[in-house]
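Notes to accompany the following structure.
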Amino acid sequence: QVQLVESGGGSVQAGGSLRLSCVVSGYTYDGGYCLAWFRQGPRKEREGVAVIDNDGITTYADSVKGRFTISQANAWNTVYLQMNSLKPADTAMYYCAAGPAGGRAGWLLHKDKYDYWGRGTQVTVSS
């Protein structure tokens with residue numbers, strides 16, 4: 001059974017930092033895999049934020065480049081999202097997702113690519 005459990009969300013002022021964690025278990029992809037962070041703000045579509053594949057290659061949404069960093073640890077059992085210079089526009093529920101490897105940036109950051117999802121952790125940034 002695949003499980004993804006996020007933690008680390010909270011409330012922070014603009015300019016602050018948070019680190020999200022996602023513990024992943026039970027998934028296998030023979031051809032490689034991706035672990036990703038998505039977010040969904042109030043009345044918005046779920047959007048891809050950052051992706052890391054099993055070769056360690058990362059992809060970021062333009063809106064977070066230079067501010068967010070995705071990384072993995074513990075033999076790929078944990079994926080992190082370090083978020084710096086946070087803005088009110090970053091306020092959202094953040095979700096961890098797992099899916100097969102492959103695809104260009106647009107597809108890597110598309111929610112339909114991913115098979116498994118966590119329940120999310122809320123991030124609120126105040127001005």
Side-chain angles (χ1 to χ4, degrees):
Q1 182 180 359
V2 180
Q3 286 190 317
L4 297 93
V5 181
E6 304 95 336
S7 62
S11 297
V12 64
Q13 289 191 323
S17 298
L18 284 172
R19 189 175 81 157
L20 306 183
S21 300
C22 175
V23 177
V24 187
S25 61
Y27 73 95
T28 57
Y29 288 104
D30 292 340
Y33 52 85
C34 293
L35 298 174
W37 286 97
F38 282 73
R39 65 186 181 187
Q40 188 167 12
R43 298 175 297 281
K44 292 184 178 179
E45 293 288 323
R46 190 169 296 190
E47 62 173 352
V49 174
V51 179
I52 187 167
D53 71 16
N54 55 289
D55 291 324
I57 297 171
T58 58
T59 302
Y60 295 92
D62 288 343
S63 58
V64 305
K65 281 180 182 176
R67 300 190 298 123
F68 290 12
T69 303
I70 189 171
S71 61
Q72 62 80 29
N74 301 325
W76 293 92
N77 289 331
T78 306
V79 60
Y80 299 105
L81 186 68
Q82 177 67 43
M83 305 186 295
N84 298 328
S85 302
L86 282 161
K87 306 174 182 179
D90 296 316
T91 294
M93 184 72 79
Y94 282 72
Y95 298 91
C96 182
R104 296 186 176 182
W107 181 236
L108 288 170
L109 292 170
H110 197 287
K111 62 183 187 300
D112 290 346
K113 175 179 174 59
Y114 295 87
D115 303 312
Y116 303 103
W117 295 84
R119 293 178 177 268
T121 185
Q122 178 67 37
V123 172
T124 302
V125 185
S126 58
S127 56

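Scanning both residues, Ala36 and Val51, for their nearest heavy atoms gives CB-CG2, 3.8 Å. Between Pro100 and Asp115, the shortest heavy-atom distance links the atoms CD-OD2, 3.5 Å. Of all heavy-atom pairs spanning Glu45 and Lys111, the tightest one is OE1-NZ, 4.1 Å. Residues Tyr114 and Gly99 share a closest heavy-atom pair of CD2-N, 3.5 Å. Across all their heavy atoms, Leu4 and Ala98 have their closest contact at CD2-N, 3.9 Å. Nearest heavy-atom pair, Leu108 versus Cys34, reported as atom, atom and distance to 0.1 Å: CD2-SG, 3.7 Å.
Hydrophobic clustering (ILVMFWY, side-chain heavy atoms < 4.5 Å, transitive): Met83 and Val79 are in one cluster. Cluster membership for Phe38 and Leu86, using ILVMFWY side-chain heavy atoms within less than 4.5 angstrom, is not shared. Hydrophobic clustering (ILVMFWY, side-chain heavy atoms < 4.5 Å, transitive): Ile52 and Leu109 are in distinct clusters. In the hydrophobic cluster analysis, where Ile, Leu, Val, Met, Phe, Trp and Tyr join through side-chain heavy atoms closer than 4.5 angstrom, Val49 is grouped together with Tyr116.
Annotation: salt bridge (Lys or Arg N to Asp or Glu O under 4.0 Å) contacts involving residues 71-99, sequence neighbours excluded, comprise Arg39-Asp90, Arg67-Asp90. For residues 50-94, the set of pairs meeting the disulfide (SG to SG under 2.5 Å) definition, not counting sequence neighbours, is empty. Among residue pairs with one or both ends in residues 88-107, those qualifying as ring-ring contact (aromatic ring centres under 6.0 Å, His included) are Trp107-His110; sequence neighbours excluded. Contacts classified as salt bridge (Lys or Arg N to Asp or Glu O under 4.0 Å) and involving residues 49-62 (residues at least two apart or in different chains) are given here: Asp62-Lys65. Within the structure, the disulfide (SG to SG under 2.5 Å) test picks out the following pairs touching residues 52-127 (sequence neighbours left out): Cys22-Cys96.
Atoms OG1 and CZ, on Thr59 and Arg104 in that order, are 12.5 Å from each other to the nearest 0.5 Å. Considering OG1 of Thr124 and CE of Met93, their distance stands at 9.0 Å, rounded to 0.5 Å. A distance of 12.0 Å separates CD of Glu6 from CD of Gln122, quoted to the nearest 0.5 Å. Rounding to the nearest 0.5 Å gives a distance of 8.5 Å between CD of Gln82 and CG of Leu18. For the atom pair Leu35 CG and Thr58 OG1, the distance stands at 13.0 Å (nearest 0.5 Å). Phe68 CZ to Trp37 CH2: the interatomic distance, rounded to the nearest 0.5 Å, is 11.0 Å.
In this structure the side chain of Leu81 reaches within 4.5 angstrom of the side chain of Ile70, judged on heavy atoms.
By the side chain to side chain donor-acceptor pair (under 3.5 Å) test, Asp112 pairs with no residue at all, sequence neighbours left out.
Distance alone, capped at 3.5 Å, places no donor-acceptor pair between the Tyr80 side chain and the Thr69 backbone.
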